[in-house]
Amino acid sequence: MAANAYVDPEKGAPPRVSHTFADHRRGSQLDTANEAIVTEDTNQLKRGLHGRHMQMIAVGGAIGAGLFVGSGSALHSGGPGSLLICFMIIGFMIMFMMQALAELAVMYPVNGAFYQYIVRFVDPSWGFAIGWDYAIQWLTILPFEITAAGITIDYWKHYNIGIWIAVFLTVLTIIQFFGVRGYGEVEFVLSMIKIAACTGFIIFGIIVNCGGVPTDNRGYIGARYWHSPEEAFRNGFKGFCSVFVTASFAFGGTELTGLAAAEAENPRKQIPKATKQVFWRITFFYVVNLFILGLIVPSSSEVLLGSSGANTKASPFVLAITLAGVKGLPSVFNTVITVAVISVANSATYASTRTIQAMAANGMAPKFLAYVDSKGRPIPTIILQLLFGLLAFINEASETGGVIFGWLLALSGIANFFVYGSICIAHIRFRQAWKHQGHDVSELSYRASFGVIGSYICVVMNFLCLAAQFYVALWPIGGSPDAEAFFSAYIALPLIIFLYFVWKAYSWTRYPSHRRLFVPIKDIDVMTGMREDQAALSGIGVDEEVRRSSIEALELEKKKGLMGYVRRFTEGLF
């Protein structure tokens with residue numbers, strides 16, 4: 001039974017079984033006979049995240065190297081026009097996805113969040129594939145971010161990268177000792193720093209563009225870099241398509257709000273509020289910052305060629321300040337970039353550990369990984385994540401390190417498109433099952449603002465983004481079709497297909513119901529994991545009169561006046 005699952009009053013809660021890690025290590029790791037042992041310790045994650053933590057977790061996971069560094073290569077390959085439009089498109093896609101995820105997370109604040117939704121509402125094999133792909137994505141992003149943080153130090157003085165990898169890994173290890181509350185507090189502080197830096201850059205960029213910096217001999221710039229001899233859309237349609245993956249990678253982490261639902265203090269109130277505010281904040285900071293960046297940095301700059309995810313010395317933001325001739329400020333912003341990548345590394349640790357722990361609790365990973373100690377820390381998965389962090393030391397191998405590391409990172413290239421699309425498919429099928437079983441959307445305490453239509457649009461947008469990336473992977477900019485280039489960009493697809501068939505083969509005799517291509521609508525379980533007060537409204541055996549009065553109370557609570565909408569919009573931005 002997942003955390004906060006509906007409990008049949010006649011049967012009561014299951015008996016307590018075990019609290020020891022030793023029990024998790026005994027016997028077959030995937031044997032269903034050990035389910036009771038796993039179930040007991042799965043329910044010990046602490047609800048220690050407040051509303052401010054929830055909001056900053058999504059912002060902290062999303063504003064990182066993708067914005068501060070990766071946008072440079074996107075600007076060079078696509079130009080300022082493609083950069084702005086593609087990030088806006090992905091921003092809208094994220095909005096639809098987050099609304100769908102918020103509805104599900106408020107309804108079912110279970111451990112593992114969207115991985116469990118995909119298993120229950122779509123197909124267990126597809127949920128297994130998406131869950132493991134998502135976990136692998138974050139497992140490999142951690143050493144990547146640690147390496148990026150180490151390279152930022154080279155801006156001031158060169159040291160052996162191994163020293164800083166060890167330092168940052170130690171810092172992340174210390175944070176884990178404080179459990180989910182420590183993670184939330186660190187993200188809150190680091191995200192505030194990043195938001196302040198983004199706001200400062202917007203003001204700085206406007207001044208530079210208007211010719212207000214005495215050390216900048218360019219004077220008034222205006223839209224100079226959007227016109228000849230520069231190009232608003234470099235490399236044509238192919239350049240436009242190439243920006244999508246960078247944008248998806250940059251926005252990655254926004255979904256952590258849903259993943260943190262099981263550890264939110266009050267998911268019914270915190271998740272909707274965080275979802276609405278996070279979209280506006282990220283859209284504001286991303287779109288406005290990138291628009292300003294495209295105005296004051298020429299996309300033809302050769303410096304931008306080095307703007308790979310781990311090459312922070314090629315950050316377009318630092319380049320913008322350098323071009324303006326302002327002394328000292330590049331060092332300040334480089335410090336912010338260091339903070340940003342450490343923040344994303346912290347988020348990577350949280351995302352992978354909670355996903356793998358939830359999968360272990362549901363028998364889709366070795367059961368010893370489901371163990372959670374008395375302070376709510378999933379110790380085995382934390383150790384696994386930190387061990388993956390040691391992969392950052394591969395960079396010590398000057399000749400082969402970069403190649404190995406590049407292929408590891410390729411595993412996460414297009415993973416987000418599959419994750420976001422699958423979340424929306426799960427939402428669509430949840431609504432279908434909810435209606436099929438005699439329930440109405442009026443019973444939901446939070447409904448996605450764009451309903452099922454928004455989820456359908458998001459699925460289509462994800463498919464189009466995958467098609468655009470396929471086009472660029474097969475025919476790269478300035479080159480001819482190359483097998484290595486294609487698979488380095490699209491290797492996540494064969495990985496997901498492989499994982500899908502792994503679970504199909506494993507579960508074929510053990511779980512006959514998993515043989516089907518998808519879960520029939522009539523068989524979808526809409527009760528397990530339901531929030532307690534939602535179960536009192538929509539659960540089994542609830543009196544119809546009680547149900548109607550509760551629905552009326554919900555509708556009354558949702559009625560807002562004009563000033564209420566103005567206040568919520570203002571809060572969403574600031």
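Computation of the quantities below employed the complete heavy-atom set of this structure, encompassing side-chain atoms and omitting hydrogens, waters and symmetry-equivalent molecules. Just so you know, these numbers come straight off a predicted model, no measurement behind them.
Separating the CH2 atom in W164 from the OG1 atom in T170 is a distance of 11.5 Å, to the nearest 0.5 Å. In this structure, OH on Y225 lies 10.0 Å from OG on S299, to the nearest 0.5 angstrom. Rounding to the nearest 0.5 angstrom, the gap separating the OG1 atom in T355 from the CE atom in M364 is 13.5 Å. The CG atom of L386 sits 9.0 Å away from atom OG1 of T353, with the distance rounded to the nearest 0.5 Å. Of the inter-residue distances, the one linking I207 atom CD1 with I292 atom CD1 reads 10.5 Å to the nearest 0.5 angstrom. Rounded to the nearest 0.5 Å, atoms CE (M93) and CG (L464) are 10.0 Å apart.
For I356 against A365, the heavy-atom pair with the smallest separation is O-CB, 4.3 Å. The heavy-atom pair separating L293 from A320 by the smallest distance is CD1-CB, 4.4 Å. The shortest non-hydrogen separation linking A361 to A370 is N-CB, 3.7 Å. I118 approaches I423 most closely through the heavy-atom pair CD1-N, 4.4 Å. Minimum interatomic distance between I141 and A348 (heavy atoms only, all atoms of both residues): CG2-CB, 4.4 Å. Pairing each heavy atom of I477 with each of G239, the nearest pair is CD1-CA, 3.8 Å.
Not one N or O on the side chain of N209 forms a donor-acceptor pair closer than 3.5 Å with the backbone of I221. The closest donor-acceptor contact from the side chain of S191 to the backbone of F188 lies at 3.5 Å or more, if one exists at all. Judged purely by atom type and a 3.5 angstrom limit, S248 has no side-chain atom pairing as donor or acceptor with the backbone of F244. Between the N334 side chain and the P330 main chain, no donor and acceptor come within less than 3.5 Å of each other. Between the side chain of T140 and the backbone N or O of Q137 there is at least one donor-acceptor pair closer than 3.5 Å. Side-chain N or O atoms of S315 include one that pairs as donor or acceptor with a backbone N or O of F68 at under 3.5 Å. Remark: the backbone N or O of V339 is not paired with any side-chain donor or acceptor of S343 at under 3.5 angstrom.
Looking at heavy atoms from C-beta onward, E230 lies out of side-chain contact with R224 at the 4.5 angstrom threshold. By the 4.5 Å heavy-atom criterion applied to side chains, V336 and F201 are not counted as neighbours. With contacts defined as side-chain heavy-atom distances shorter than 4.5 Å, the pair M461/F96 qualifies. In this structure, the side chains of K194 and L67 stay at 4.5 Å or more apart for every pair of heavy atoms. A heavy-atom distance below 4.5 Å is not found between the side chains of V171 and I174. Residues S300 and R234 have side chains in contact (heavy-atom distance under 4.5 Å, counting atoms from C-beta outward). Two residues are said to be in side-chain contact when any heavy atoms from C-beta on lie closer than 4.5 Å; L323 and P298 meet this criterion. In this structure, the side chains of V213 and V326 come closer than 4.5 Å at one or more pairs of heavy atoms.
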Notebook entry, point to check: Please walk me through it: do Y134 and W138 pass side-chain hydrogen bond (donor to acceptor under 3.5 Å, both in side chains)?
Noted result: CA-CA 7 Å; Y134 185 75; W138 285 109; 3.1 Å; yes

Check: Checking side chain to side chain contact (heavy atoms under 4.5 Å, CB included) for the pair S71/L290: CA distance, chi angles, key distance, verdict?
Finding: CA-CA 8 Å; S71 57; L290 292 176; 3.7 Å; yes

Next item on the list: Under the ring pair (Phe, Tyr, Trp, His ring centres under 6.0 Å) rule, what do Y286 and F251 come out as? Steps first, then yes or no, please.
Entry: CA-CA 9 Å; Y286 266 84; F251 276 110; 4.6 Å; yes

Checklist line | Verdict with reasoning, F486 to F470, per ring pair (Phe, Tyr, Trp, His ring centres under 6.0 Å) | finding: CA-CA 8 Å; F486 174 78; F470 183 86; 5.4 Å; yes

Item checked: Verdict with reasoning, Y350 to E187, per side chain to side chain contact (heavy atoms under 4.5 Å, CB included) -> CA-CA 11 Å; Y350 182 84; E187 279 305 294; over 6 Å; no

Next item on the list: Kindly indicate, with the supporting measurements, whether the criterion side chain to side chain contact (heavy atoms under 4.5 Å, CB included) is fulfilled by Y115 and F128.
Entry: CA-CA 8 Å; Y115 141 74; F128 174 85; 5.7 Å; no

Check: Run the side chain to side chain contact (heavy atoms under 4.5 Å, CB included) check on N346 and L190 step by step: do they pass?
Finding: CA-CA 10 Å; N346 191 35; L190 297 185; 5.5 Å; no

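Under the 3.5 Å distance criterion, with hydrogens and angles disregarded, no donor-acceptor pair is assigned to the side chains of Q385 and T349.
Contacts of R218 classified as salt bridge (Lys or Arg N to Asp or Glu O under 4.0 Å), with partners at least two apart in sequence or in another chain: D216.
Ring geometry, F333 versus F317: the interplanar angle falls under 30°, so the pair is classed parallel (tilted spans 30 to 60°).
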